[in-house]
Amino acid sequence: MPILSVINQKGGVGKTTTAVNLAAGLAQTRRVLLVDLDPQANATSGLGIQNADTTVYDILAGEASARRAALPTDVENLFVLPASTDLAGAAIELDASEEDVNLLKKGLLVVRASYDVILVDAPPSMGALTLNALVAADALIVPVQTEYYALEGIAQMLDTIERIKASLNPELDVLGILLTMFDSRTNLSDQVEANVREHLKQQVFDTVIPRNVRLAEAPSYGQSIFTYAPSSTGALAYEALAEEVLNRVAQR
Ligand code: ADP
Ligand code: MG
């Protein structure tokens with residue numbers, strides 16, 4: 001029952017797209033909880049959930065149980081702990097104290113045994129919410145856009161992860177680095193992939209997520225890629241990623 005956080009301090013790299021579609025892919029064979037820890041609530045709305053009564057904010061505030069806040073989705077075996085804009089308040093109210101950064105981990109204790117996998121979609125900044133995602137996690141999935149500065153971004157992120165490991169969460173692992181938005185029409189994508197694999201070897205998932213407009217469209221219909229465009233390249237890629245994630249989890 002691992003908790004896997006989808007992390008990158010950079011925005012727009014495919015965290016939420018990965019969290020939602022990996023969660024839906026895993027739900028084909030596992031019972032999955034997706035925790036939306038981003039005040040923008042894109043993972044929540046992307047799965048068709050609006051105006052939830054109880055959100056992850058209430059869990060962090062200690063005012064609700066994650067057991068009651070988790071909502072079913074249209075995808076069988078996929079549940080969501082929704083976010084709302086009031087999470088932006090939590091980002092300000094919380095600090096980097098030992099107590100505050102452990103709130104998510106504590107809140108998820110009551111639901112851990114009820115799911116095969118818990119995925120956390122983290123916000124794009126290094127604030128208190130992201131620290132909570134790093135402390136709650138057993139392992140991390142780090143999506144990286146396949147672009148020229150990919151390696152620099154990864155190096156920064158791995159640095160941050162090492163610091164968290166040394167201080168707040170010694171057990172933390174990187175499950176894998178995921179290349180996203182790979183554009184097969186450009187040589188640049190191939191070069192970036194080769195470069196990243198050369199430096200980071202088996203830390204990089206074999207699966208690469210292609211740039212696929214279906215992946216960008218699906219959230220506006222409140223659907224995962226598997227419902228919206230099941231035979232798209234995006235769906236095939238996230239299905240392959242789900243399998244690879246389960247293999248890596250089994251080998252930990
Ligand atoms: P993050 O959560 O890291 O900020 P998102 O998952 O929200 O990133 O992605 C940023 C934007 O890029 C969104 O508009 C999303 O729809 C789009 N996007 C993400 N991954 C892909 C992809 N593989 N192909 C096409 N568009 C994508
Ligand atoms: Mg996001």
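Order of appearance sets the numbers: ligands from 1, and atoms from 1 within every ligand. Excluded from the calculations below are hydrogen atoms, water molecules and symmetry mates; all remaining heavy atoms, backbone and side chain alike, are included.
From Arg163, atom CZ reaches atom CG of Leu134 across 10.5 Å, with rounding to the nearest 0.5 Å.
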Inset, instruction - Decide side chain to side chain contact (heavy atoms under 4.5 Å, CB included) for Arg252 and Leu175; before the verdict, give the C-alpha distance in whole Å, the side-chain angles of both, and the deciding distance to 0.1 Å. - result: CA-CA 9 Å; Arg252 283 181 73 240; Leu175 191 71; 3.8 Å; yes
Inset, instruction - Go through the steps to decide whether Asp183 and Ser189 satisfy the test side-chain hydrogen bond (donor to acceptor under 3.5 Å, both in side chains), and finish with yes or no. - result: CA-CA 6 Å; Asp183 191 341; Ser189 275; 5.8 Å; no
Inset, instruction - Please lay out, stage by stage, how Tyr228 and Leu215 fare under the test side chain to side chain contact (heavy atoms under 4.5 Å, CB included). - result: CA-CA 9 Å; Tyr228 179 67; Leu215 287 169; over 6 Å; no
Inset, instruction - Begin with the C-alpha distance, continue with both residues' side-chain angles, and end with the deciding distance and a verdict on salt bridge (Lys or Arg N to Asp or Glu O under 4.0 Å) for Lys165 and Glu162. - result: CA-CA 5 Å; Lys165 225 177 135 141; Glu162 279 311 310; 5.2 Å; no
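Within 4.0 Å of atom 3 (O) of ligand 1, at least one protein heavy atom is present.
Taking every non-hydrogen atom of Leu215 and a distance limit under 4.0 Å, the qualifying atoms of ligand 1 come out as 22 (C), 23 (N). If you number the atoms of ligand 1 from 1 as listed, the ones under 4.0 Å from a heavy atom of Ile209 come out as 23 (N). Close approach of ligand 1 to Val13 (heavy-atom distance below 4.0 Å) involves ligand atoms 1 (P), 3 (O), 8 (O). If you number the atoms of ligand 1 from 1 as listed, the ones under 4.0 Å from a heavy atom of Lys15 come out as 1 (P), 2 (O), 3 (O), 6 (O), 8 (O). Atoms of ligand 1 found under 4.0 Å from any heavy atom of Pro210, numbered from 1 in the order shown, are 22 (C), 23 (N), 24 (N).
Counting only heavy atoms of the protein, atom 16 (O) of ligand 1 lies nearest to Ala216 CA, 3.3 Å. Looking from atom 7 (O) of ligand 1 to the surrounding protein, the closest heavy atom is Thr16 CB, 4.0 Å. Atom 21 (C) of ligand 1 has its closest protein heavy atom at Met181 CG, 3.7 Å. The shortest contact between atom 10 (C) of ligand 1 and any protein heavy atom is with Gly12 CA, 3.7 Å. Protein heavy atom in closest approach to atom 24 (N) of ligand 1: Asn212 N, 2.9 Å. What sits closest to atom 13 (C) of ligand 1 on the protein, heavy atoms only, is Thr17 OG1, 4.8 Å. Closest protein heavy atom to atom 8 (O) of ligand 1: Gly14 N, 3.1 Å.
Under the 4.5 Å side-chain contact rule for hydrophobic residues, Phe79 and Leu104 share a cluster. Both Val174 and Leu151 are members of a single hydrophobic cluster when ILVMFWY side chains are connected at heavy-atom separations under 4.5 Å.
Of all the heavy atoms of Pro143, none lies under 4.0 Å from any atom of ligand 1, so neither backbone nor side chain is involved.
Using a 4.5 Å heavy-atom cutoff, the side chains of Thr54 and Leu71 are not in contact. Using a 4.5 Å heavy-atom threshold, the side chains of Val111 and Leu81 count as separate. Side chains of Ser184 and Pro210 form no contact here, defined as non-hydrogen atoms less than 4.5 Å apart.
For residue Thr16, an N/O/S atom approaches the Mg ion (ligand 2) to within less than 2.8 Å.
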